[in-house]
Amino acid sequence: MPSLIDSQRTYFTTGKTIAISSRIQVLKKLYKSVKKNEEAIHKALYSDFKKPIYESISSETGIVYRELRLAIKELEFWARPKKVKGSLLNFPSKDYLYYEPYGTTLIIAPWNYPYQLALTPLIGAIAAGNTVVIKPSELTPATSQVIEIIISEVFTPEYIAVVQGAIPETTELLAQRWDYIFFTGSVFVGKIVAQAAAKHLTPTTLELGGKNPCVIDASVNIALVAKRIVWGKFLNAGQTCVAPDYILIDASIKDSFLKELEKEIALAYGKDPSTSPDFARIINEKNFDRLTKMLEDAPIAFGGKIDRNQLYIAPTIIDNPSIDSFVMEDEIFGPILPVIPYQTKADIEAIIDRYEKPLSGYIFSRKRSFTNWFLSRFSFGGGAVNDTVIQFANEALPFGGVGHSGVGSYHGKHTFLTFSHTKAIVKKGNWLDLPVRYAPYKGKNNLLKAVLKWL
């Protein structure tokens with residue numbers, strides 16, 4: 001493995017990744033390979049955890065296509081040096097921002113959206129001019145294999161390579177020195193990645209997770225809210241880092257809301273969701289067992305059916321669980337949704353403030369003042385008002401966490417910027433050279449103070 005990284009480092013020093021025209025051509029080749037293997041990706045995602053083809057298109061391949069088209073179209077503009085306002089202290093001068101690649105980079109992808117969350121950062125890394133090693137998830141072997149096929153069709157290993165494997169391989173990769181590391185996954189593993197990167201002072205992007213709150217006040221259209229929450233929560237069987245993790249709802253409408261949730265789940269997945277072609281499965285037995293433990297002695301409003309052989313957990317609503325129960329300890333990351341009533345803003349604060357800053361936050365309300373209070377009172381990576389998950393779909397918005405939910409952001413141009421070092425350059429003119437800045441300084445103090453005050 002060190003030899004692979006050394007070969008990429010050597011390749012980068014040749015400058016073959018630098019020309020903007022070359023990067024665009026490579027992205028176009030990647031697009032063709034992605035298109036060629038689209039059906040194989042959909043089959044692989046179904047093989048790994050029965051992801052419906054609609055969800056594969058909307059949350060995996062469709063996003064990759066959009067990111068590729070955007071990068072191909074806009075890269076020349078993104079990479080162009082940008083002129084910024086100069087400082088009179090440097091007069092005469094012109095000031096610029098230059099974007100340069102970091103060099104040899106590592107992308108560690110997760111299992112929940114194994115294709116999209118591997119390819120999206122890769123597109124930005126290529127656009128920025130880096131070499132890349134991709135470590136796809138070992139929990140989605142079919143998808144990881146297709147990713148390797150796509151990469152091998154377009155790139156030589158010294159430019160872009162895929163390293164398959166589990167914890168030993170990831171550990172060995174993290175032991176190497178990189179110029180940049182991009183990781184998507186759990187907070188627990190994110191801390192391991194950060195510790196490994198710190199040994200070499202390697203900059204990182206950490207896309208993690210958290211216990212995402214969803215607050216609903218009494219002013220809403222309950223039926224519409226239930227429909228949007230059912231979609232966002234049970235997409236990919238709840239295995240989505242930006243899914244609502246728990247509901248905080250005005251106590252006066254909680255019971256009505258529960259009835260609407262049950263109705264919307266039946267409309268989406270039928271009376272028996274285990275037979276629905278539109279409901280995915282849990283990724284593996286370890287996560288299945290973790291989730292089913294949350295259901296033990298829980299006040300289940302409806303749902304709760306499980307099948308370990310099929311790794312199936314029905315969309316499940318838990319009615320007002322204890323705040324100290326297992327389901328309320330950490331991020332759920334599955335098709336289980338606690339619904340907790342509140343009476344006052346203080347009740348909301350008492351619960352949300354128990355947890356670290358989450359990746360996402362959601363509020364449903366027709367009251368502008370209540371919405372603004374929520375958005376200003378609580379810190380989270382990003383979110384939506386009167387909907388869920390949709391912030392992920394806009395490539396113009398930076399996507400990322402804050403605090404324990406992540407470091408850094410990406411999507412669209414933001415991915416290019418993430419994988420680029422922004423270099424500040426001042427181009428100094430020679431036709432004027434003011435003597436005030438040079439030693440000896442005697443008699444210049446008052447003049448300096450006056451100039452600084454004026455500026």
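Worth saying up front: this structure is predicted, and the values here are computed from it rather than measured.
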For this session: Given side-chain hydrogen bond (donor to acceptor under 3.5 Å, both in side chains), test Gln310 with Ser274 step by step and report yes or no.
Result: CA-CA 9 Å; Gln310 296 295 320; Ser274 68; over 6 Å; no
Salt bridge or not between [X] and [Y]? Use side-chain N to carboxylate O under 4.0 Å.
X      : Y      : result
Lys259 : Glu262 : no
Asp272 : Lys305 : no
Arg354 : Asp324 : yes
Lys135 : Glu169 : no

Is there side-chain contact between [X] and [Y], with at least one heavy-atom pair below 4.5 Å?
X      : Y      : answer
Glu153 : Lys36  : yes
Val189 : Phe183 : yes
Glu74  : Phe416 : no
Phe49  : Pro114 : yes

Exercise. So does Lys345 have more than 12 non-hydrogen atoms from other groups sitting under 6.0 Å from NZ?
Worked result: yes
Problem set entry | Atom CD of Glu100: over 12 foreign heavy atoms under 6.0 Å | yes
Problem set entry | Step-by-step side-chain hydrogen bond (donor to acceptor under 3.5 Å, both in side chains) determination, Thr61 to Glu38 | CA-CA 7 Å; Thr61 56; Glu38 178 181 339; 4.6 Å; no
Problem set entry | Results of ring-ring contact (aromatic ring centres under 6.0 Å, His included) for Phe182 - residues two or more places apart only | Tyr410, Phe419
Exercise. With distance as the sole test, does Thr17 use its side chain to make a donor-acceptor pair with the main-chain N or O of Gly129 at under 3.5 Å?
Worked result: yes
Exercise. When you measure from the side chain of Asp48 to the backbone N and O of Thr143, does any donor-acceptor pair fall under 3.5 Å?
Worked result: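 Looks like yes, one N/O pair under 3.5 Å.
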Exercise. Do Gln116 and Thr120 have side-chain N/O donor and acceptor atoms under 3.5 Å apart?
Worked result: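 Checked: Gln116/Thr120 side chains pair up, N/O donor to acceptor below 3.5 Å.
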Any residue meeting side chain to side chain donor-acceptor pair (under 3.5 Å) with [X], in chain and number order, not counting sequence neighbours:
X      : answer
Arg366 : none
Tyr180 : Thr205
Ser256 : none

Exercise. Can you name the salt bridge (charged side-chain N to carboxylate O under 4.0 Å, His left out) partners of Lys413, sequence neighbours left out?
Worked result: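 With sequence neighbours excluded, Lys413 shows a salt bridge (charged side-chain N to carboxylate O under 4.0 Å, His left out) to no residue whatsoever.
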Exercise. Angle class for the Phe392/His411 ring planes (parallel below 30°, perpendicular above 60°, tilted otherwise)?
Worked result: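 Perpendicular, since the angle between the ring planes exceeds 60°.
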For this session: Just say parallel, tilted or perpendicular for the rings of Phe234 and Phe279, cut-offs at 30° and 60°.
Result: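 Correct class here is tilted.
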Problem set entry | Derivation of the side chain to side chain contact (heavy atoms under 4.5 Å, CB included) call for Phe155 and Leu30 | CA-CA 9 Å; Phe155 305 98; Leu30 178 59; 4.2 Å; yes
For this session: Return each pair, listed once, that meets salt bridge (Lys or Arg N to Asp or Glu O under 4.0 Å) where at least one residue sits in residues 110-120; pairs must be two or more places apart or across chains.
Result: none
